[in-house]
Amino acid sequence: MSCDFSLEHYRELLDAAKAGGYRLSGFDRPPAPGDLILRHDVDLSLDAALKVAEVEADADAWSTWFLMTRSVFYNLDSAEGEDAIARLCELGGRIAHHAVWPQIDLDDRFEPVVAWHNPEPEYMTAPIDGATNVMAAPWFDPEHYRSDSNQHWRHGCPHEQLGRGEPEWLQLLTHPEIWAYPGKTMRESMESFLDADRAARLERLRADSIDLS
Ligand SMILES: [Zn+2]
Ligand SMILES: [Zn+2]
């Protein structure tokens with residue numbers, strides 16, 4: 001098994017967690033022994049989120065999707081954004097807010113759960129009025145947290161430990177763009193994303209009655 005950042009290996013990770021006996025959970029109650037909290041911060045692409053969500057549904061898994069209202073890469077208020085939320089929910093996902101400090105745009109699309117985008121240490125773990133901060137205790141604890149930031153696991157890919165049921169519980173943060181678009185490096189994955197995005201934008205131009213002849 002190669003620990004690459006691909007949809008295939010994401011599926012293997014989910015299967016490992018199942019073999020390890022984990023129960024999937026969210027941020028609506030404090031983590032308990034045996035919990036695996038799957039968290040996705042969607043920074044760049046709703047299409048990538050949907051691809052990962054299909055893999056999860058196929059594996060009888062679900063997760064919490066942290067979506068941005070202030071992204072420069074996608075628009076949650078567009079028809080595509082509304083469709084993406086509907087589909088993520090249909091596949092069993094929960095919707096939470098990936099916020100750009102200091103703005104919080106919690107509305108009825110979101111559970112009252114916030115993950116800051118690229119947080120600074122000063123506010124990363126600070127409590128948030130009326131919402132759960134996923135990087136505050138008890139949901140966050142460095143011993144019970146893994147993240148795939150920039151295609152780098154600080155403590156190695158967690159699939160083996162999950163398969164052995166080692167972490168008593170775990171919050172696992174993954175970024176769908178890293179897994180949905182192929183690439184051995186972050187640069188390569190981003191090039192794949194940009195290629196797919198260009199093709200998608202051409203289709204949108206067509207749908208917008210732009211003459212591409
Ligand atoms: Zn692995
Ligand atoms: Zn982010």
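Read the numbers this way: they start at 1 and go in the same order the structure lists the ligands and their atoms.
Judged by distance alone, the side chain of Y145 and the main-chain N or O of M135 form no donor-acceptor pair under 3.5 Å. The backbone N or O of N75 lies less than 3.5 Å from a partner atom in the side chain of S78, making a donor-acceptor pair. Judged by distance alone, the side chain of N150 and the main-chain N or O of H152 form no donor-acceptor pair under 3.5 Å. No donor-acceptor pair closer than 3.5 Å links the side chain of D105 to the backbone N or O of T69. Of the possible donor and acceptor atoms, none in the side chain of S25 sits under 3.5 Å from a partner among the backbone N and O of I37. Under a 3.5 Å cut-off, the side chain of H40 and the backbone N or O of W65 do not form any donor-acceptor pair.
Protein N/O/S atoms nearer than 2.8 Å to the Zn ion (ligand 1) total 4.
With sequence neighbours excluded, no residue forms a side-chain contact (heavy atoms from CB on, under 4.5 Å) with T125.
W169 belongs to no hydrophobic cluster, as no Ile, Leu, Val, Met, Phe, Trp or Tyr side chain comes under 4.5 Å of its own.
Protein N/O/S atoms found under 2.8 Å from the Zn ion (ligand 2): D43 OD1, H98 NE2, H117 ND1.
The 12-atom threshold is exceeded at CZ of R206, counting heavy atoms of other residues, nucleotides or ligands nearer than 6.0 Å.
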